[in-house]
**Student:** 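Take a look at the following structure, please.
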Number of protein chains: 2
Amino acid sequence: MTTLSEVANHAGVTPATVSNVLRNRGRVSNETRQRVLDAIDALGYRPNLNARALAEGRGPTLALMVSSIANPFYPEFALAAERAARAHGSFMLLCNTNDDTATAHAYLNQLAGSLSQGVLVMNGNLDFDVLRQSRCPVVLCMWEKPHESPGIPCIAVDFYLAGQLAAQHLLALGHQAIGIVVGNGKGGIHTSRLRGFTDAMAAAGVEFAPELIETVPDTVQGGYDGGQTLLQRHPQLTAIFATNDLPAIGVMHAATDLGLRIPADLSVMGITDIQMAQESRPALSTVAVPTQEAAELAVSLLRTLVGQEPRAAHGPHQMLVTSEPVLVPRASTAAPRAASTRSD
Amino acid sequence: MTTLSEVANHAGVTPATVSNVLRNRGRVSNETRQRVLDAIDALGYRPNLNARALAEGRGPTLALMVSSIANPFYPEFALAAERAARAHGSFMLLCNTNDDTATAHAYLNQLAGSLSQGVLVMNGNLDFDVLRQSRCPVVLCMWEKPHESPGIPCIAVDFYLAGQLAAQHLLALGHQAIGIVVGNGKGGIHTSRLRGFTDAMAAAGVEFAPELIETVPDTVQGGYDGGQTLLQRHPQLTAIFATNDLPAIGVMHAATDLGLRIPADLSVMGITDIQMAQESRPALSTVAVPTQEAAELAVSLLRTLVGQEPRAAHGPHQMLVTSEPVLVPRASTAAPRAASTRSD
DNA sequence: TTGCCTTGATTAAGCGCTTAATCAACATCC
DNA sequence: GGATGTTGATTAAGCGCTTAATCAAGGCAA
């Protein structure tokens with residue numbers, strides 16, 4: 001592994017000069033610069049990023065902590081976040097907590113402040129106090145907007161509105177008998193989606209029975225189980241809303257297995273608009289959330305917090321809200337069989 | 001940020017001693033050790049991993065390079081790989097190349113040898129020469145076994161056998177009119193699966209028309225398009241085999257959209273057994289590949305290459321083969337309508 | 001010619017940690 | 001009672017890079 005000084009020798013200058021041409025600082029004559037550049041690729045030199053990090057007091061990496069990269073939502077976010085980080089020359093360290101608080105804290109303890117300059121957190125189930133006491137900046141991603149700020153810099157999405165949009169879509173189609181499958185994300189992650197939905201129902205004067213709500217794990221299987229329970233207990237349902245796409249897809253499977261046709265016999269919708277939503281059959285109606293924008297905002301905010309980006313970019317806010325979710329009607333929703341579609 | 005020396009002061013010893021207790025090396029009396037330990041958590045000290053990396057000449061991170069973490073197969077591999085790395089105290093750096101060779105090379109150049117000690121590569125479409133010249137060890141993951149070794153340490157899976165198993169399953173059910181959708185992974189990544197399949201067909205004496213092969217992108221959409229083309233052009237098909245689960249799922253969608261019932265009218269199968277395969281409806285018959293094992297082997301091999309694990313663990317081999325793929329019959333395959341099931 | 005500014009490079013200290021070499025103090029052995 | 005070991009700690013060099021401070025050498029004005 002060639003070092004900076006070897007390059008310096010080869011070019012007949014001092015290490016400081018090489019460093020200067022590398023970083024475009026200080027004064028270097030064009031002639032010298034060229035000699036250094038030549039030496040660099042003659043020797044195939046690459047800077048040692050650890051040494052640089054040590055000297056600069058900060059490394060080139062950010063971290064993203066998710067509960068499990070196997071949950072299809074995270075990769076989409078991770079991809080965008082990584083791209084954003086790379087655009088600024090940072091690498092992205094991936095951390096799977098497997099929904100284990102201890103693991104998460106271990107990561108936070110080990111990474112924070114040395115390996116990674118800052119961390120993006122997508123785990124609802126973390127102790128906020130721990131995050132606040134992190135030794136390096138933390139940005140909480142995909143916070144649910146109407147909740148009060150957790151006292152941690154965060155990127156929020158208006159999930160309350162998302163819930164409302166979902167309800168309005170179903171109501172507009174003429175559904176009245178609607179079941180709900182809500183993800184049991186720790187920290188009540190899905191409560192605002194639920195409130196948005198039920199509030200919109202109430203506003204439309206539609207009666208709402210609490211036994212029509214099933215709380216399940218935020219997975220396809222969870223949605224499957226919840227959907228099955230709901231459909232068996234309440235055959236009159238004409239639509240089911242899930243607070244997330246994954247369980248919504250599970251609901252579709254459950255309905256199919258029970259011999260129901262979607263959307264003829266049952267309308268199903270979710271929230272998020274993950275890739276799978278448009279790839280499922282029937283394609284899932286959902287409320288799209290600006291994942292990519294959230295990821296970019298998150299990286300940007302984190303960068304200002306670690307002092308790499310001028311603060312002015314966002315002002316002093318600790319909570320950045322993305323643009324609004326938008327309804328994406330697809331094939332999984334339609335007017336209930338015996339009802340007329342109310343135009344909105 | 002407290003440093004090692006501060007801890008040393010606090011405990012009334014020299015930095016060397018603190019380092020010794022931290023790493024359980026050298027001789028330290030129990031009494032001193034305790035004093036240091038107390039100082040450490042009194043001050044909330046955490047080692048600076050960059051400094052450590054610099055001093056030791058090697059950092060605690062490995063890297064995983066995939067073409068896009070949004071492809072559902074990769075997360076499953078990534079999860080296992082990360083877990084394996086963590087089990088040995090290493091962090092995992094995630095790199096998305098977006099199928100761009102230049103990006104991949106940029107990563108390789110920047111990471112290799114400084115930030116990451118070694119890299120796991122899952123990209124078929126990389127110049128092997130570049131990999132060979134990497135300044136740090138590289139392990140190529142999920143190589144296709146029957147191919148000759150690429151001259152790079154690699155983990156191979158017997159995809160030829162996987163193709164055979166798929167064919168045998170379909171043949172055993174009584175299918176004769178079978179279409180094939182093959183992923184166009186660069187570097188002919190799917191050719192051995194295809195060969196395994198066609199060889200098995202030939203061995204069973206089943207005629208095979210080359211126009212029954214559609215080459216498509218390795219995605220749901222690709223499978224959808226390929227399936228549609230195949231089914232429209234050859235309505236007599238009773239089964240379609242895709243070289244990967246993702247396109248297989250696309251094929252199912254295409255069939256459904258054309259009004260075919262699965263498996264009554266058409267059997268579909270894939271290879272890999274990703275999570276989605278068992279979560280799709282109908283559940284996808286497939287040939288399961290030992291992803292987790294491959295990931296663990298890969299990390300382990302990489303660790304021996306970077307010298308962190310005794311070489312003896314694997315001997316001098318440069319190509320490690322996982323245990324064999326296994327058939328996972330599910331709901332998407334059945335005997336063709338007008339045929340009797342041949343018992344095997 | 002003297003003094004001052006600019007340019008282009010060097011010097012040297014330091015980032016936080018590791019580790020081989022060294023040392024002091026004490027116990028052991030014949 | 002000196003030679004020999006052991007134990008438990010210290011010293012000091014060094015990892016590869018950054019950067020403020022310093023310096024030599026011209027150029028230019030008065």
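Owing to the predicted nature of the structure, the values given are computational and were not obtained by experimental measurement. Lettering of chains follows the sequences in order, A, B, ..., and the numbering in each one begins at 1.
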**Student:** Base, backbone or nothing for each nucleotide of nucleotides 15-24 of chain D, written B, S, -, heavy atoms under 4.0 angstrom, 5' to 3'?
**Tutor:** BBBBB-----

**Student:** Scan A/T14 against the nucleic acid and name what it touches under 4.0 Å (heavy atoms): base, sugar-phosphate only, or nothing.
**Tutor:**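 The residue A/T14 makes base contact.
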
**Student:** Could you note down all residue pairs passing salt bridge (Lys or Arg N to Asp or Glu O under 4.0 Å) where residues 12-27 of chain A supplies at least one of them, sequence neighbours left out?
**Tutor:** A/R23-A/E56

**Student:** Step by step, would you call B/F77 with B/Q292 a side-chain contact (heavy atoms from CB on, under 4.5 Å)?
**Tutor:** CA-CA 6 Å; B/F77 185 93; B/Q292 181 139 350; over 6 Å; no

**Student:** State which residues pass side-chain hydrogen bond (donor to acceptor under 3.5 Å, both in side chains) with A/D218; sequence neighbours excluded, sorted by chain then number.
**Tutor:**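 Checked A/D218 against side-chain hydrogen bond (donor to acceptor under 3.5 Å, both in side chains); matches are A/N244.
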
**Student:** Starting at CZ of A/R27 and ending at P of C/dT10, how long is that distance when rounded to a whole Å?
**Tutor:** 15 Å

**Student:** Relative to each other, are the rings of B/F128 and B/W143 parallel, tilted or perpendicular (30° and 60° limits)?
**Tutor:**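 B/F128 and B/W143: perpendicular rings.
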
**Student:** Do the side chains of A/V306 and A/C136 get nearer than 4.5 Å, heavy atoms only?
**Tutor:**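 With C-beta onward as the side chain, the pair stays apart.
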
